[in-house]
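As structure tokens, the structure follows; a few thoughts come after it.
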Amino acid sequence: MSTKYIPTIGLEIHAELATKSKMFCSCANNPDEEKVNVNICPVCMGQPGTLPVLNKEAIKHVLKAGLAVGGTIADFTEWDRKNYFYPDIPKGYQISQYKYPLVEGGSVLAGGNTVTITRIHLEEDTAQSTHDTHEKSLVNYNRAGVPLMELVTEPVIHDAATAVAFAKELQLLLRYLGVGEANLEKGEMRVEANISVATEEDTVAGKFGTKTEVKNLNSFRAVERAIAYEIARQTKIAEKIALGQTDEKVVQETRGWDEGAGKTFSQRAKESSHDYRYFPEPDIPKMKLREIPEFDIETLRTNLPELPWTLRNRFVKEFMMTEKEAAMFTDTPELSKYFESILAGISGAKPELKTVRLVINYLSSDYVGLLKKQFGEEHFITHISDVSPANFAALINLVVNGKVNSRGAKDTLGLMMKDPSGDPEVIATQNGFIQKNDEGALKGMILEIITANPTVVEDYKKGKVVALQFLIGQGMKMTKGSSNPEMLKKLFLESIK
Ligand code: ADP
Ligand code: ZN
Ligand code: MG
């Protein structure tokens, strides 16, 4: 009988927060600063006699994230020193939150699974070390003391895909909340995965196996691959143990991820919390959150933006998007905002679904595609408003009013990208994309067709819908395909009445 092993995963995710200044001093928090060691001061360099001052903006960011995931905001919080030596931590300790995190609980739906959150707390980031080839290390302290949010999930994830879906959803949330960019590639978000395997019976009973913690996962692909690798490695050991074929076992340790080899490797034995000799930070006052006006929970809650998952559901319901389209349109706050600004620019109180569909199609299959081709996958989004939403809406209006056909609209869009401030109607006119849909000119032709086909008109009046199609076909023929069938339909209906 073969035993089935179930993996269990819990995530610890760090995210740098986008604030003007660092966590405990007034140095700039600028992840894009290219000069090393310029955003530093005696406080973040850990010089004796200096005092940390709390950054309330960073705390607000964490409270917003906590409210968005439905967590409980602490009444009371304090800060703790986590002591260890490393050149990237100039004080010899990191100021973190141990016993009293800002947020406890909450959950996020990821890939159809509810992932429950243990806690979210705030701490300071370390400096950046570079280990060069001359057996020397370089340290850039610009990052030392940058506000760092840490979110810990419960061990409730059972496959790599859900872990990735959770990390992506969290990234999206932070972006929508405007609290961080959370680019994994830039180290703004860092995922650590705790992984264990146990028999199905034990897993169901909540008896998990010994876990390993995989660090340095700097892309979603790495998260997925590292977890899959670690599950396979641990499962193999468990199977061998069951067969009495090995003395090896899974040891609790920290493992790294070797992207090139596609393997995790042992880094060090896992330290436990008592190794850090946590104790309350004496230089920062303990805090009763309810007594601080900036942290008023109801105000923060009211001011939360529409959250990505709410927005996604609304796009499906309101605009009949497919799940895939809704995911694409909410993939960045910039794109969803751009989309909604276009709709706001379409004439008419609320655009018809048909019109919305046109916007969805021209945006997703044409405009975004063209932008990606020109600026690349990574940078296209910064150019999303190159064609203003108002001009995009004007283009859609040209299509709706039958002034350009779809080919003409695509070509006009291409030209609009080269001349972003240009009026689409002017561009279409100058390039001969405007269809011959002058109602006056068409009306004569319509009457001509009606007079020439009395029986067809009678058929239509008796309820034969295809008869109308025939009449429209005649019109298309007579205009050599240059007229808009919707426009012809409208004119025929008016004339027949
Ligand atoms: P530690 O004290 O070793 O840091 P914690 O209990 O604080 O462990 O949990 C750290 C992370 O590891 C959390 O995300 C948690 O969900 C996860 N975790 C805990 N136990 C296991 C396990 N047996 N298997 C997988 N993940 C686990
Ligand atoms: Zn500083
Ligand atoms: Mg822990």
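Note that ligands are numbered from 1 as they come in the structure, with each ligand's atoms numbered from 1 the same way. We number each residue from 1, following the sequence as shown.
Heavy atoms of E213 found under 4.0 angstrom from ligand 1: none, in either backbone or side chain. Looking at T210 against ligand 1, nothing comes within 4.0 Å, counting heavy atoms.
Here R314 pairs with E306, E318, E340 under the side-chain hydrogen bond (donor to acceptor under 3.5 Å, both in side chains) rule; sequence neighbours left out.
Atoms of ligand 1 found under 4.0 Å from any heavy atom of T8 (numbered from 1 in listed order, with element): 24 (N), 25 (C). Shown in contact with V152 at under 4.0 Å from a heavy atom are these atoms of ligand 1, numbered in order with element: 13 (C), 14 (O). Annotation for ligand 1: atoms under 4.0 Å from non-hydrogen atoms of L11 are 14 (O). Which parts of ligand 1 touch G10 is read off a 4.0 Å heavy-atom cut-off, strictly below it: atoms 14 (O), 16 (O), 17 (C), 26 (N). For ligand 1, the atoms closer than 4.0 angstrom to any heavy atom of G209 are 23 (N). Heavy-atom contacts of E154 reach the following atoms of ligand 1: 16 (O) (cutoff under 4.0 Å).
Distances from atom 15 (C) of ligand 1 to the heavy atoms of I9, T153, I195 show the closest one on T153.
Ion pair E298/R301 flagged as a salt bridge, since at least one NZ, NE, NH1 or NH2 atom sits closer than 4.0 Å to an Asp/Glu carboxylate oxygen. Between K240 and E248, none of the side-chain N atoms (NZ, or NE/NH1/NH2) sits under 4.0 Å from a carboxylate O, so this pair counts as no salt bridge. Here K207 does not pair with E201 in a salt bridge; the nearest charged N to carboxylate O distance is not below 4.0 Å. Remark: K236 does not engage E239 in a salt bridge, criterion side-chain N to carboxylate O under 4.0 Å.
Ring geometry for Y278 versus Y98: interplanar angle under 30°, hence parallel rather than tilted (30 to 60°).
Among the candidates E188, E123, R190, the single residue satisfying the side chain to side chain donor-acceptor pair (under 3.5 Å) test with H14 is E123. The only member of K82, Q97, R81 that meets side chain to side chain donor-acceptor pair (under 3.5 Å) when paired with E281 is R81.
In terms of N/O distances under 3.5 Å, ligand 1 is not approached by E12.
Remark: distances from the non-hydrogen atoms of A198 to ligand 1 are all 4.0 Å or more.
By the criterion of a separation under 2.8 Å, the protein N/O/S atoms near the Zn ion (ligand 2) amount to C25 SG, C27 SG, C41 SG, C44 SG.
For the pair L63/L289, a side-chain contact is recorded, criterion being any heavy-atom separation below 4.5 Å from C-beta on.
A distance of 10.0 Å separates NZ of K4 from OG1 of T203, quoted to the nearest 0.5 Å.
For F329 and F319, the ring centers sit 6.0 Å or farther from each other.
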